[in-house]
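Just below is one structure, and these are the notes that go with it.
Proteins get letters first, then strands, A, B, ... in listed order; numbering begins at 1 in each. When reading the values below, keep in mind they use all heavy atoms of this one structure, side chains included, and skip hydrogens, waters and symmetry mates.
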Amino acid sequence: MSAPRAAAAAVSRAQVEDLFYREADLLDRWQLDEWLGMLGEDAVYLVPPNDKPDADPRSTLFTIADDIVRLRERVIRLKDPNCHAEFPPSRTRRVIGNVRITGVEDATICAAANFIVYRFRRDTSPYVFVGQYRNRLRRAGGELKIVERRAILDAEELGALGSVSFIL
Amino acid sequence: MNERHNGGGNGRLVVEVPKTRFAVSREAFVSGAVMRREQDAIFDHCWIYVGHASELRNPGDFKTRQVAGRPVIFVRDRQGSVRALINSCRHRGATVCREREGNARGFNCLYHGWSYNTDGSLRGVPGEDAYPPGFDKADMGLRAVARLEHYRDFYFVNFDARAEALETYLADAKDYIDLVVDQSPSGRMEIISGTQEYDIRANWKLLVENSVDDYHLLATHSTWLNYMRNSGVNVTPPKGSGLLLPTKGQGRDLGNGHLTTDNPNFRGRPVAKWISVYGEEAKADIAAIRAELVARLGEARASRVADTNRNLVIFPNLVIADGSSVTVRHFYPLGPDHMRVVAWALGPVEETEAQRARRLHAFLTFYGPGGFATPDDVAALEAVQQGYAAWREVGWNDLSRGIARNDDQLNSDEGHLRVFWRRWSELVEAHA
C-alpha cells in the first residue's frame, strides 16, 4: 500500500463526522470564507438535477456545477446584500447523519452522509431539503479537505423548494 | 386618485393611450377569475409548447408533461410517429402513464387494467365480453390532443381543432427560432439531459415580462455583473451612450403576441464569441466554430448568429433565451400567485464533449435555480407578487418606458412587454 493510500485508509469515521459537523456549523452561521478554507484548491461543488442524480456535469445540465473559481465567486455573491435571493440571508439548520466511509481510492476518501437542511425565510413555509452528500476528501497539510461535494436531492423535482440560492 | 393611478380603465385591465401611457391592472396577477379566463381564452386556443423532437429519439420513448393544465404523454409511437396523447384512461380516467420518462411498449391503466398501444389505440380490456354490442374498441383509444405540429423540431399542441396552422401562428418568431437552430451545422439542436423544474410564488405572466425585461439587469443582477467583471469581461456601458447596458439592444414585436430582445452580445456565446470566462484554451476552438458558421452561412448571417443574443417569447408561455447559453423554458400557472417552471439546455447535436461542457458551464453562470442570476429574478418576482396584495390600493403597473419614442424600442424600454400585454388583452378581455 502506498503512503498516501495508507494515510487515507487510516482516516476514521469519527474524523469524517467531525469534518461534516464543523462544515454544517459554518454554513449555518454563514461563515462562508471559513467554509471555503475547508475545501481543496481544486474542489468542485455539485448539485445534480433532480432527475439525473448520478450524471456527469460535462454532459448533463446540473442545478449547480462549480469549479473552485466559480465557487469563490459564489461566496462573494452570497455575501453581497444585492444577492437578493439570500437577502436577508436565510436561516438554515443542517442535520447530518448516517455518515459512512464508502471507499478509498489512492489518497482520496469517499464519504457519504444523509442530510436534512431546513431553510427559513420570513412569512414563508420552511423549505426542507433532504438528500445525500457524496463527498471526496483528501489529506492536505495534515488536514482533511473536501475536494468534491455532490449534494443529491431526493425530491422528484425542485418544485416548491424553488431555488438553491444558498450553499447546500 | 388621478387617472394615472387608477388607470382610468373603465373596467379594462390593460389601458393604453398611444405615445403617452400604458398601464396594466394588478388585478390581472391576483384574480382567480382572470386566471380562469386565461385558461379559456389563451391556453385552450393558443399553440402551447409540449417538447422537442430530440427528447424522443427511439420508437416508444415518452415524456409525461403538464400542458395547458392537462396531463399529456409526449411519445414517439412504435411506428416512429410523434404523438401527444391525453394521459387519461378512457374507462374511468386514471393517468395511464405515471413515470416521468422512459421507453414503453404500451401504457397500462393501474385501475382496471385497460391497456393502450404507444399510438394511443386501445389494445386490451379485461373481461371484454361484459360490454354491450355497441362498445367499439376502435373508438376507445387514448384521446390525442386536437392538434400537434412542429417547427424545426419544437413541438406544440393546440386544444382547439380549428386553430390556424402553427407556422402561421408563429409569425416572425420563426426567424428567431431559425437563428437559434442555425448554430447547428446540420440544423439539428437537442435538449440536453437534466431538467430544472421549480416553482415561483408569483403569477406566470411575471416570468414572461422578466424573461425579456433588460431594464432590470442592473438592479437585480449586480452580483452577476460583478462576477463577469471579476472574470475580466467588460460590462460597462460606453461613456455618453445613454445606455444602461454595454450594448444597444432592441425589443421587437414578432406578431401574434410573440416578442424578442435582439442584443449585440457582450457576455460571451458558446457559438461563437469567446470571453475570458471560457479560458484561453477555448479560444482556438471557438474560432473554429465561428469559421464553420461563416463558411456555411456567410459573414453577415454568421455574425447575426454568433454576435447577437435573443430572449424570445413565444406567446403565451415558452421562452427561448439564447444568451450565455440556450435555455428552453416553459411555465404554467398553478394558481394566480404560483407558477411551475420547467427548463432545459439546448445545444447543437454536433458539439464535442469539451464544447458541450463549456456550454453547460456558461449556462449555469447565469441561468437556473442555482445560477448567479435566476434566483434573484425569482426573488424579484416573489417580491412583486407580495406587493400585489395591496392591489386595491395600488392598482396599476406602469409599462410606458420608451412609449414616446419614434424610433426602435430599446431592450431596456418596455415596448416589447407591451406587445405581450396587447395580445393578452385582445384574447382575455375580448372574452370577458
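- At a 4.5 Å heavy-atom cutoff, A:Pro48 makes no contact with chain B through either its backbone or its side chain.
- For B:Trp224, no part sits under 4.5 Å from any heavy atom of chain A, backbone or side chain.
- B:Tyr227 places a side-chain heavy atom less than 4.5 Å from the side chain of A:Arg70.
- If you measure heavy-atom distances from B:Phe363 to chain A, the contacts under 4.5 Å come from the side chain alone.
- For the side-chain contact (heavy atoms from CB on, under 4.5 Å) criterion with A:His84, the lone passing option out of B:Thr223, B:Asp376, B:Val378 is B:Asp376.
- Within a 6.0 Å sphere centred on CZ of B:Arg229, heavy atoms belonging to other residues, nucleotides or ligands number more than 12.
- Using a 4.5 Å cut-off between heavy atoms, B:Ala380 makes no contact with chain A at all.
- No side-chain heavy atom of A:Ile76 sits under 4.5 Å from any side-chain heavy atom of B:Asn226.
- Judged purely by distance below 3.5 Å, without hydrogens or angles, the side chains of B:Thr195 and A:Asp51 pair a donor atom with an acceptor atom.
- Contacts of B:Arg356 with chain A are made by both backbone and side-chain atoms, with heavy-atom separations under 4.5 Å.
- For a residue to count as touching a neighbouring chain, one of its non-hydrogen atoms must lie under 4.5 Å from one of that chain's; by this rule A:Phe166 does not touch chain B.
- Of the residues considered (A:Val69, A:Leu168, A:Asp67, A:Thr60), A:Thr60 shows the highest number of contacts with chain B, using heavy-atom pairs under 4.5 Å.
- Residue B:Gln196 touches chain A through its side chain alone, counting heavy-atom pairs closer than 4.5 Å.
- In this structure, CD in B:Gln386 is found 7.5 Å from CG in A:Asp123, a value given to the nearest 0.5 Å.
- Heavy-atom contacts from other residues, nucleotides or ligands closer than 6.0 Å to OH of B:Tyr215 number 12 or fewer.
- Per-residue heavy-atom pair counts under 4.5 Å with chain A were compared for B:Ala357, B:Ser222, B:Gly371, and the maximum is reached by B:Ala357.
- The contact between A:Ala160 and chain B is made by backbone and side chain atoms together, counting heavy-atom distances below 4.5 Å.
- Residue contact with chain A, scored on non-hydrogen atoms closer than 4.5 Å, is absent for B:Arg358.
- Remark: A:Arg29 CZ is packed, more than 12 non-hydrogen atoms of other residues, nucleotides or ligands lying under 6.0 Å away.
- B:His361 touches chain A through backbone and side chain together, each having a heavy atom under 4.5 Å away.
- A:Arg93 CZ: 12 or fewer foreign heavy atoms inside a 6.0 Å radius.
- Interface remark: A:Leu161 contributes no atoms to any contact with chain B (heavy atom separation under 4.5 Å).
- With respect to chain B, the highest number of heavy-atom pairs below 4.5 Å among A:Ala85, A:Ser59, A:Ala155 belongs to A:Ala85.
- Here the shortest heavy-atom pairing between A:Pro49 and B:Gly194 reads CG-CA, 3.8 Å.
- A:Glu157 contributes atom CD, which lies 5.5 Å from atom CZ of B:Arg100 (distance to the nearest 0.5 angstrom).
- In this structure, chain A has heavy atoms under 4.5 Å from both the backbone and the side chain of B:Thr365.
- A side-chain contact (heavy atoms from CB on, under 4.5 Å) with A:Leu61 is found for exactly one of B:Leu364, B:Leu346, B:Ile191, namely B:Leu364.
- Looking at B:Ala379, only its side chain comes within 4.5 Å of chain A, counting heavy atoms on both sides.
- Heavy atoms of A:Arg74 lying under 4.5 Å from chain B belong to its backbone as well as its side chain.
- For the pair A:Arg77 and B:Pro375, the tightest heavy-atom approach, listed with the atom from each and the gap, is NH2-CB, 4.1 Å.
- A 4.5 Å side-chain heavy-atom check between A:Ser163 and B:Glu382 finds every atom pair outside the cut-off.
- For B:Ser325, no part sits under 4.5 Å from any heavy atom of chain A, backbone or side chain.
- In terms of non-hydrogen atom pairs under 4.5 Å with chain B, the most contact-rich of A:Thr63, A:Asn50, A:Asp80 is A:Thr63.
- The shortest side-chain heavy-atom distance between A:Glu73 and B:Val277 does not fall under the 4.5 Å cut-off.
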